[in-house]
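Computation of the quantities below employed the complete heavy-atom set of this structure, encompassing side-chain atoms and omitting hydrogens, waters and symmetry-equivalent molecules.
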Amino acid sequence: MPMPGNRSLSVSRFFLPARLPNPALTVTAVFLGAFLTTFQGRLFSMSLADLRGQFGLDVIESVWLSTTANAAQLLTMPITVWLSLIFGPARVIIVPSLCLALATLVIPFVHGYELLLVLHLVMGLCLGVYLPLTISLALRSLTPQFWLLAMAAYSLRVSFGTDIGVKISGLYVDVIDWRWVYWTASIIGPLIAFTAWKALPIPPVDRGKLRETDWGGMAMFCLSLAMLFAGCSLGETLGWFSSGVVTACLGAGAILLAISVANILLNREAFVDVTPLANHNVRTALLIACLYAVLMAPTSLLVPNFLAAIGKLKPLQTGTASLMVFATYLVLTPTAVWLARRVDARLLLIAGLSIITFTSACCGAHISNEWRTDQYLPALILFAAGECLTLMGLIPIIVVNMNPLHAVAIGFYAPLARLFAPGIASGLMSAALRISADTHGAMLKAGVETGDPAMLQRAALGSISNIALIINREATVLSYIDGFYLVFWVGILALLLSATLKTAPVNPLTPPRSN
C-alpha cells in the first residue's frame with residue numbers, strides 16, 4: 001500500500017507549476033480559451049433580452065451592457081501578445097482566467113447598474129486575452145504535421161460558439177437557469193488557469209522591454225478601436241449621428257486611430273510591426289478576413305433574426321437549425337483538412353466563398369414570410385460548408401505567407417479581423433436592414449394608398465390595423481432579402497480579391513508541387 005507521505009507528495013507535485021513547456025497542455029489551454037471567448041460572447045448576445053428582464057434594465061441600459069463587454073475585449077486583444085513577451089504567456093493566461101471566473105460568478109447576484117457595468121467590463125477585458133495567443137502558441141507548441149489540425153480546431157470554434165451558443169442559451173434561459181449564462185465561464189476559467197499553470201513555465205518579467213514599451217501608442221490604438229466599436233454598436237439604439245455619444249465615439253475613435261497609425265508607421269519602437277502588411281498575400285487575406293465578418297451574417301445574424309422577427313421563435317426553438325450548422329461544420333472539417341494537405345489553400349478559399357455567394361443569392365431570390373427553420377435548413381448546410389472551406393483556406397494563407405519572426409503581428413492582426421470587423425459589420429448590417437425596411441414600408445404603404453391591385457390583394461383587404469401589420473411584415477421580409485443580396489455582393493468582392501492571391505512560398509503546409 002502507498003504510504004501517506006508518498007500520497008501527499010504526489011498531490012503536492014500535482015499542483016506545482018510547470019518547469020518545462022508541455023505542448024499538449026499548452027494547446028489545450030489556449031484552445032479552451034478561444035472556444036470560451038466565442039461561446040461566451042454568443043451566449044451573452046442571444047440571452048440579452050432575457051437578461052434585461054432579470055436585471056431590470058431598459059433597452060438602452062442593456063445595449064450599454066453588451067457594448068461594454070464587447071468593446072472591452074478590444075482594449076486587451078491588440079496588446080496581449082506583446083504583454084506575453086514581457087510577463088510570459090502563463091501570467092497573461094492565468095490571471096485573467098481567474099479574474100474572469102470571479103467576475104462571472106458574482107454578476108448574477110449584482111443589482112446595482114454601475115457595478116454591473118464594471119463587472120462586464122472586467123469580463124470583456126479577460127476574454128480579450130485568449131484569441132491573440134491561440135494560433136501563435138499552438139504553432140510554436142506543435143510540430144508542422146499538426147498545424148493544419150490546429151487551424152481546423154481554430155476555425156471550428158467559430159461555428160461551435162456561434163451555433164451551439166444559440167441552443168445552449170435557450171436551454172439556460174428557458175429550461176435550466178439563466179445564471180449559467182455566466183457561470184459556464186466561472187467553471188471553465190479556473191480550468192484554463194490550471195492547465196496553463198501546468199503547461200507553461202513562468203519566466204521572469206522582462207523589465208527592459210517593460211521600460212521600453214510604447215505604452216502611449218498601445219493605449220491610443222486600443223482606445224480608438226474600442227470607441228469605434230462602441231459607436232457602431234450603439235448607433236442603431238441611440239440614433240447614430242443624432243446622438244452626441246455615438247458621434248463622439250466615432251469621431252474621437254477615428255482621430256485616435258489616425259494618430260495611432262501614424263505613430264506605428266513613424267515610430268521604430270512601436271508595439272506592432274507593419275512589415276507583414278508589405279506582403280500582398282497577407283494584406284489581401286486579412287482584408288478578406290474582415291469581409292468574412294459580413295459573409296458570416298446569414299448564419300450569425302440574418303437567419304436567426306429572421307426567425308425571431310417573422311417566425312416569433314425563441315433561441316431554444318431555432319436551436320435545431322443552429323445544431324445542423326455546427327454538425328455540418330464538424331463533419332466537413334476532416335474533409336477540409338484532407339483537402340488542405342493536397343490542394344492549394346487558394347482553391348479552398350475560392351470554393352468556400354463561391355458557396356456562400358451562390359447560397360446568399362438563392363436565399364435573396366426565394367425567401368418569403370412563410371419561411372421557417374425547415375425551409376432554411378438546406379441553405380444553412382450550404383452556408384456552413386462555405387464557411388468551413390473559407391476559413392480552412394484563409395487561415396493557412398495568412399500563416400504560411402507571414403515570416404515566423406512576425407509572430408507578434410499574427411497575434412495582433414488576426415484577432416482584429418475576428419472581433420473588430422464583426423462588430424463593425426453587425427452595426428452596419430443592422431442599420432442597412434432598418435433603412436431597407438423603412439424604404440420598403442414606405443413603398444408598400446404608397447401602393448396601398450393608391451389602390452394598387454397587387455398591394456390590395458397582398459393585404460387581403462383586411463382591416464386597417466391588419467393591413468398595417470402585413471405591410472410591416474412584408475417590409476421586414478424585403479429588408480432581409482436585401483441583406484442576403486448585400487452578402488452576395490460582398491462575396492463577389494471577396495472572390496475578386498482572392499483571385500489576386502499569389503502562390504505561397506514552400507512551407508510545411510503547402511501541398512507538394514508537381515514538376
Would you list the atom pairs, donor with acceptor, under 3.5 Å between side chains in residues 289-298 and any protein atom, with sequence neighbours excluded?
none

All N/O donor-acceptor pairs, side-chain side in residues 32-40, below 3.5 Å, sequence neighbours left out:
| unit_1 | atom_1 | unit_2 | atom_2 | d |
| --- | --- | --- | --- | --- |
| Thr37 | OG1 | Gly33 | O | 2.9 |
| Thr37 | OG1 | Leu127 | O | 3.3 |
| Thr38 | OG1 | Ala34 | O | 3.4 |
| Thr38 | OG1 | Arg157 | NH1 | 2.8 |
| Gln40 | NE2 | Val181 | O | 2.9 |

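Taken from CG in Asn22 to OG1 in Thr26, the straight-line distance is 6.0 Å, to the nearest 0.5 Å. Of the inter-residue distances, the one linking Ser300 atom OG with Met46 atom CE reads 10.0 Å to the nearest 0.5 angstrom. In this structure, CG on Leu74 lies 9.5 Å from CG on Leu228, to the nearest 0.5 angstrom. Here the CG atom belonging to Leu65 is positioned 10.5 Å from the CG atom belonging to Leu121, to the nearest 0.5 angstrom. Within the model, atoms CG of Leu48 and CD of Gln54 stand 12.0 Å from one another, a figure rounded to the nearest 0.5 Å. Rounded to the nearest 0.5 angstrom, Leu256 CG and Cys222 SG are separated by 11.0 Å.
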### Task
Start with the C-alpha gap between Tyr130 and Ser97, add the side-chain angles, then the distance that decides, and say whether side-chain hydrogen bond (donor to acceptor under 3.5 Å, both in side chains) holds.
CA-CA 9 Å; Tyr130 296 122; Ser97 297; 2.7 Å; yes

### Task
For Thr195 and Thr28, run side-chain hydrogen bond (donor to acceptor under 3.5 Å, both in side chains): C-alpha distance rounded to whole Å, both residues' side-chain angles, the deciding distance at 0.1 Å, then the answer.
CA-CA 7 Å; Thr195 307; Thr28 300; over 6 Å; no

### Task
Show your working on side-chain contact (heavy atoms from CB on, under 4.5 Å) between Thr184 and Ile188 and close with a plain yes or no.
CA-CA 6 Å; Thr184 300; Ile188 300 178; 3.8 Å; yes

### Task
Assess whether side-chain hydrogen bond (donor to acceptor under 3.5 Å, both in side chains) is satisfied between Ser436 and Ser479, documenting all intermediate values.
CA-CA 5 Å; Ser436 176; Ser479 72; 5.0 Å; no

### Query
Would Glu474 and His440 count as a side-chain contact (heavy atoms from CB on, under 4.5 Å) if you check the C-alpha gap in whole Å, the side-chain angles of each, and the deciding distance to 0.1 Å?
CA-CA 8 Å; Glu474 293 302 316; His440 287 297; over 6 Å; no

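When Tyr113, Trp178, Trp64 are each tested for a ring pair (Phe, Tyr, Trp, His ring centres under 6.0 Å) with Phe55, only one passes: Trp178. When each of Asn305, Ile310, Asn369 is tested with Thr476 by the rule side chain to side chain contact (heavy atoms under 4.5 Å, CB included), just one qualifies, namely Ile310.
Across every non-hydrogen atom of Gly393 and Leu348, the tightest pair is CA-CB, 4.0 Å. Across Met392 and Ala152, no two heavy atoms sit closer than the pair SD-CA, 3.5 Å. Between Ser141 and Val27, the shortest heavy-atom contact is CB-CG2, 4.0 Å. Contact detail for Leu380 and Thr299: the closest heavy-atom pair is CD2-CG2, 3.9 Å. Listed here is the closest heavy atom pair of Pro108 and Trp183: CG-NE1, 3.5 Å. Leu225 and Pro78 get closest at one heavy-atom pair: CD1-CG, 4.0 Å.
No side-chain donor-acceptor contact under 3.5 Å links Ser233 to the backbone of Phe229. Side-chain N or O atoms of Ser66 include none that pairs as donor or acceptor with a backbone N or O of Val63 at under 3.5 Å. No side-chain donor-acceptor contact under 3.5 Å links Thr359 to the backbone of Ile356. Side-chain atoms of Arg91 come within 3.5 Å of backbone N or O of Pro203 as a donor-acceptor pair. Between the side chain of Ser47 and the backbone N or O of Phe44, no donor-acceptor pair lies under 3.5 Å.
Using a 4.5 Å cut-off on side-chain heavy atoms (C-beta onward), Leu125 and Gln73 make no contact. Two residues are said to be in side-chain contact when any heavy atoms from C-beta on lie closer than 4.5 Å; Leu43 and Tyr172 meet this criterion. Looking at Val303 and Phe484, their side chains come closer than 4.5 Å, going by heavy atoms from C-beta outward. Side-chain contact between Val337 and Pro334 is absent, with no heavy-atom pair separated by less than 4.5 Å. Looking at heavy atoms from C-beta onward, Ile168 lies out of side-chain contact with Trp180 at the 4.5 angstrom threshold. Side-chain contact between Ile288 and Leu349 is present, with at least one heavy-atom pair separated by less than 4.5 Å. Counting heavy atoms from C-beta on, the side chains of Cys388 and Thr333 come closer than 4.5 Å. Looking only at side-chain heavy atoms (C-beta outward), Leu116 and Leu57 come within less than 4.5 Å of each other.
Classified by interplanar angle (parallel below 30°, tilted 30° to 60°, perpendicular above 60°), the ring pair Tyr182/His120 is perpendicular.
If you look at Trp371 and Phe306, their ring centroids are not closer than 6.0 Å.
Arg179 pairs by the salt bridge (charged side-chain N to carboxylate O under 4.0 Å, His left out) definition with Asp177, not counting sequence neighbours.
No more than 12 heavy atoms of other residues, nucleotides or ligands shown are found within 6.0 angstrom of CH2 on Trp489.
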